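The structure under discussion appears below in the form of structure tokens.
Nothing here was measured: the structure is a model prediction, and the numbers come from that model. Each chain gets a letter, A, B and so on, in the order its sequence line appears, and its residues count up from 1.
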There are 2 protein chains.
Amino acid sequence: MEDVAARAGVSRALVSLVMRGSPKVSDQRRTAVLKAAEELGYSPHAMARSLASRTSHVLGVMVSDLHNAFFAEVVDGLDSVATEQGFDLIINTGGRSPARERRALQSLLSFRPAGLALLSPVVPTADIGRAADQTSVVLVARSSRLSTVDTVNDDGERGITLAVDHLVSLGHKRIAHLDGGEGTQAAPRRRGYLAAMASHGLTPQVVASEYTDAAGARAVHGLLDDMPSAIISCNDFNAVGAISALEDNGYRVPEDVSVVGYDNTSLAALRHISLTTIDQPRNEFGRLAAEALLQRVRGEREEPVRHLLHPSLVVRSTTAPVATAGPRRHAGGIS
Amino acid sequence: MEDVAARAGVSRALVSLVMRGSPKVSDQRRTAVLKAAEELGYSPHAMARSLASRTSHVLGVMVSDLHNAFFAEVVDGLDSVATEQGFDLIINTGGRSPARERRALQSLLSFRPAGLALLSPVVPTADIGRAADQTSVVLVARSSRLSTVDTVNDDGERGITLAVDHLVSLGHKRIAHLDGGEGTQAAPRRRGYLAAMASHGLTPQVVASEYTDAAGARAVHGLLDDMPSAIISCNDFNAVGAISALEDNGYRVPEDVSVVGYDNTSLAALRHISLTTIDQPRNEFGRLAAEALLQRVRGEREEPVRHLLHPSLVVRSTTAPVATAGPRRHAGGIS
DNA sequence: TCTATTTGTTGGAGCGCTCTAATGCTGTAG
DNA sequence: CTACAGCATTAGAGCGCTCCAACAAATAGA
């Protein structure tokens, strides 16, 4: 900076003003400074800057699991809003392990970010509360009653209701739900299923399962004796596992059994899979999370905000009208 | 820090020593300082620290595309080595857009990281060279002749050779390659295919395609008149698209046509897909990249290092011995 | 006993920047 | 011709820390 100032024949303070895009600089000096900076390959030192200004233009993002493409779109949303408002993102990952996640949190916090977005974190609430004492925090895809944090979630009850309504409109009456167990958001989805079935006067059937394709396949094996005409999985992975097990056992999808997933991952869109599923507005999650953070940064809001977004139904090729003769078994299928 | 020093009845410098775990501190003072820090909820300010020490314990990572799970495992590898050596990771993403990637690079650089890992970057070489002037840089899944950067890649020629050899050992003679076009690493894969076919005395058939499932399906449509007995796709997505198109057109996989992918993504492992594919040691990519960076940071090495890792064949259910009667068409298949 | 050496501790400078208050400068009004 | 805005510019203090050289106290060697 010293060098740039010398080269442009001005003071350090003036360089600082130019780098921050202050309007109180004559065009002549501004271009001189910019030219000198360019020639010297100078770019401001973000840390020194935030140390001196006691403010940060950085938003921290903790992605619980980088392997899950779900979060990539949330990050896209965060990124577009942040960039728009002149904020930088720094991302860290927790790998779904509370210990590693805690380290990631600590690392992020040590940069003294203006705000912190936690995407589906698995750390205990106490850790989140502690982080919230140091900076603004928004939780995505995890709810919390902490009065100091904002949350952005989808309305899981409503999402499952869409799935049930869709299947009922196709004539299905025996609709099973492969449950997400302890997983995040499994509870509202289960609740939504039970409520929707009840509202149609149908008998619910909840099958214990998990958020993996192997678990979906196992759950289907447990249903072989008495197969429902439709299955609503707790997520897309689970649905793909279920479809695979169905086909292995001679059931055709969707002719014999309809299957609905949840999340609308890129997997679901593959033409080989073409899964009917429930879409969450992931990009919107990111945008709202960033907005929530920035509102707090700008001091526009103190009270926590709770966003509950509307999911939507994406119909593809794994759902069809219920077979008139009811489900039947075939020889063959895919090997 | 001032407060902690006062509370513990020592100087600021002593607090600094304790926080850095220096051995040159008496146990008595150490515990006193730790106690005071605990009571005051003090934790050192990472930025001030690195500003003062002119050293950074941060490695920057630029992930070109967060949507691709390939990179998640590379990051895992980076993370484990970095953590082991007391370094923190900050991640940023470029979304496969050169402009956004450039911004990400700039942002990362403004934190003055000790090193920078670029995962499959799409920015021009010149930008990479400029970054390399400021800090150590390692390129993953992108080669470069820049003498100032290290690189970590897989041996694509060898990978495809594994695929060809596997198919030949199953009796296949007509093996087509769905080409990745301009995509990264498409060239070595194509070269490997041509060389391997030649070494077996077979006639190569390169079909123009791309790294997407739709492109894989399109390429298969172009082959319908005269279907080979085996297909090697440029990556897993392409292979899944190809399989889908094959089945739509009455070909069974693997009975009529064998298909091999590349990358061994989580997609390939799904039981519904169960794709024979070529695995790249992604975690190892990350580990080696981190090692390369840290070697430079510690001043152990000046000359660039070029890692070329061995891919391996993962046999699943989409390859089988060539049908004795040659490929034939069926009615039906999956709808 | 007195000087070396080691060990533990400290003040103060400085990392690269921002911010406040003060400076010099023009231009307009009295 | 002085007075006083109003503006662009700058010196200097300070952000929270590390590092160095200097120092006091304890230990060792003569």
Taking atom types as modelled, is there a side-chain donor on B:S107 or B:R103 under 3.5 Å from an acceptor on the other?
-> no
Contact check, residues 27-53 of chain A vs DNA chain D, heavy-atom distance under 4.0 Å, returns A:R29, A:L51, A:A52
Does any donor atom in the side chain of B:T151 or B:R306 lie under 3.5 Å from an acceptor atom in the other side chain?
-> yes
A:S11 side chain N/O closer than 4.0 Å to the phosphate oxygens (OP1, OP2) of D:dT9?
-> no
Does the distance from a Lys or Arg side-chain N to an Asp or Glu carboxylate O, for A:D127 and A:R130, drop under 4.0 Å?
-> yes
Spell out, as yes or no, whether a donor-acceptor pair under 3.5 Å connects the side chain of B:R7 to the backbone of B:D3.
-> no
Is a donor-acceptor contact shorter than 3.5 angstrom present between the side chain of B:R12 and the base of D:dT18?
-> yes
Please report how far the helix from C:dT1-D:dA30 to C:dG30-D:dC1 bends, comparing the axis fitted to its first five pairs with the axis fitted to its last five, to the nearest 10 degrees.
-> 60°
Show me, pair by pair, the donor-acceptor contacts under 3.5 angstrom made by side chains of residues 287-297 of chain B, not counting sequence neighbours?
| from | atom 1 | to | atom 2 | distance (Å) |
| --- | --- | --- | --- | --- |
| B:R287 | NH1 | B:S80 | OG | 3.0 |
| B:Q295 | OE1 | B:R301 | NE | 2.8 |
| B:Q295 | OE1 | B:R301 | NH2 | 3.3 |
| B:R296 | NH1 | B:D150 | OD1 | 2.5 |
| B:R296 | NH1 | B:D150 | OD2 | 2.8 |
| B:R296 | NH2 | B:E302 | O | 2.7 |

Closest to the A:R20 side chain: D:dC19, D:dT9, C:dC19?
-> C:dC19
Quick one: is B:R112 getting a side-chain N or O under 4.0 Å of the C:dC15 phosphate, OP1 or OP2?
-> no
For residues B:R112 and B:S50, is any side-chain donor paired with an opposing acceptor at under 3.5 Å?
-> no
If you count the non-hydrogen atoms of other residues, nucleotides and ligands that lie under 6.0 Å from CZ in B:R102, is the total more than 12?
-> no
In terms of side-chain heavy atoms, does B:S53 have a donor or acceptor partner in B:R49 at a distance below 3.5 Å?
-> no
